[in-house]
Amino acid sequence: MFVEGIGDAECVRRVQRGDTDSFELLVRRHQKAVFNLVYRLLGDYDEAAEVAQEVFLSAFKSIQQFRGDANFSTWLYRIGFNHASTRRKNLNSTQKRQIPLEGTEMIADGPVDPAKSLEHKEIQQRVQQALDGLDPQDARIILLRDLQDVSYEEIAEILDIPIGTVKSRLHRARQALKTMLAPYFEANRKAS
Amino acid sequence: MNCEEVQKYLSDFVDKSVDVERFQEIESHLAGCEICSDEMAGLAECRRLVASLAAVEPPINFTTRVMAQVREAARPPSLWKHWFFPLQTKIPLQATALV
């Protein structure tokens, strides 16, 4: 039976006892976060779809190893990074398919200015390109903190590093991203 | 705090994850230092840009595809495989035993 109100820990316990259907709730609950993390790491929609499926399948196959001492999402993200890392090495950067521009519509309360909407989409692509150019370790930490709003403590668990290292790596990663986006900042400054 | 010390904590400052006393020291330094202030603004803007990346929807049949693979993985091996696969490994071993 499919019950929305069950927490992750209880879902996992049910799956561990052989209730495969309970895994569907975990998939529905976490698919968007996992997919977005993987997509922003790989920069390719179709690859992200495949890898995200692999992440959940891996999680299911090794579900008995999940002890519940960390959040299920922490464990999923760790699996996600492992799979994305492997796939990224094999990915040909010239064949990347980004999401269609229609997939990044601004959410607006009133009528959307087409010029602003286009500008917003261009910025999004520029940021994605900058993320693609970062060292994978830097990209991971920025995506966890700035995109997924994961706490320092959880990042430390996911990446298996001390909190102090999380902070210093995050700072370094943001500086690297700032350098990658320097032409955009410069163009903005000249325009204003 | 001097510039070198302040810049070490700028990311934490942007995240508002420094203690109150340090936050005030940094704020006070930034009010009078254009270099550190620009650096902080740049880091804050990067954070804002990443945070504003649009959430992408997974493919429409994502859950269905995952669960199909999950259910396949959960199936016990078929009787055919159980009986015939072990038999295929048994024959070579028995053959070597005869030799």
Side-chain angles (χ1 to χ4, degrees), chain A residues 15 18 20-21 23-24 27-28 31-36 39-40 45-46 48-49 52-57 59-61 99 103-107 120-121 123-124 126-128 130-131 142-143 145-147 149 151-152 167-168 170-182 184-185 188, chain B residues 1-19 22-23 25-26 29-30 33-77:
Chain A
V15 176
T20 305
D21 289 344
F23 194 75
E24 186 169 343
V27 176
R28 287 189 188 281
Q31 61 174 303
K32 197 162 174 178
V34 169
F35 182 83
N36 273 272
Y39 171 70
R40 294 299 173 191
Y45 188 85
D46 298 326
Q53 283 179 57
E54 286 171 14
V55 169
F56 283 103
L57 187 59
F60 176 76
K61 287 180 175 176
I99 50 170
T104 59
E105 287 300 333
M106 287 169 69
I107 297 165
H120 177 75
K121 287 170 188 173
I123 291 167
Q124 301 253 312
R126 204 179 277 251
V127 174
Q128 181 60 50
L131 286 169
I142 283 186
L143 290 173
R145 181 68 189 161
D146 295 344
L147 185 69
D149 206 25
S151 69
Y152 287 154
K167 292 185 177 190
S168 58
L170 180 62
H171 182 62
R172 187 192 73 198
R174 282 176 176 161
Q175 285 181 315
L177 185 66
K178 191 164 84 72
T179 303
M180 299 285 291
L181 288 170
Y184 159 74
F185 290 138
N188 261 17
Chain B
M1 289 177 93
N2 61 29
C3 290
E4 193 181 336
E5 287 166 331
V6 163
Q7 295 211 0
K8 263 183 2 191
Y9 291 103
L10 278 184
S11 234
D12 299 342
F13 181 83
V14 162
D15 286 346
K16 294 186 171 57
S17 65
V18 287
D19 59 55
R22 183 153 280 153
F23 188 91
E25 283 176 343
I26 295 171
H29 177 92
L30 293 177
C33 177
E34 199 176 326
I35 293 172
C36 288
S37 184
D38 280 352
E39 177 72 10
M40 193 280 294
L43 293 177
E45 179 63 2
C46 282
R47 185 183 196 281
R48 190 194 68 78
L49 286 171
V50 173
S52 69
L53 283 172
V56 180
E57 289 297 328
I60 215 155
N61 56 356
F62 183 84
T63 302
T64 308
R65 297 214 304 234
V66 169
M67 288 311 295
Q69 291 175 56
V70 160
R71 289 189 175 106
E72 180 62 34
R75 268 180 19 187

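A, B, ... follow the sequence lines: proteins, then strands. Residue 1 opens every chain.
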*Please report the shortest heavy-atom distance between A/Gln124 and B/Ser52, naming the atom on each side.*
NE2-O, 2.8 Å
Evaluate the side-chain proximity of [Y] to [X]: yes if any heavy-atom separation is below 4.5 Å, no if none is.
X        : Y        : answer
A/Phe60  : B/Val66  : no
B/Arg71  : A/Glu24  : yes
B/Leu10  : A/Arg174 : no
A/Arg145 : B/Arg47  : yes
A/Phe35  : B/Val56  : yes
A/Leu177 : B/Leu49  : no

*Judged by modelled atom types alone, do B/Glu39 and A/Gln175 share a side-chain donor-acceptor pair under 3.5 Å?*
yes
_Does any backbone or side-chain atom of A/Ala33 lie under 4.5 Å from a heavy atom of chain B? Answer side chain, backbone, both or neither._
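Neither part.
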_Between A/Gln31 (side chain only) and B/Phe62 (backbone N and O only), is there a donor and an acceptor less than 3.5 Å apart?_
no
_B/Arg48/A/Asp146 ion pair, N-O < 4.0 Å_ = no
*asked:* Nearest 0.5 Å, please: how far is CG in B/Leu43 from NE2 in A/His171?
replied: 6.0 Å
*Got a second to check how far A/Gln128's CD is from B/Leu53's CG, nearest 0.5 Å?*
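Result: 6.5 Å between the selected atoms.
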_Interface residue of largest heavy-atom contact number with chain B, from A/Val127, A/Leu143, A/Ile123, A/Val34, under 4.5 Å_ =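 Heavy-atom pair counts peak at A/Val127.
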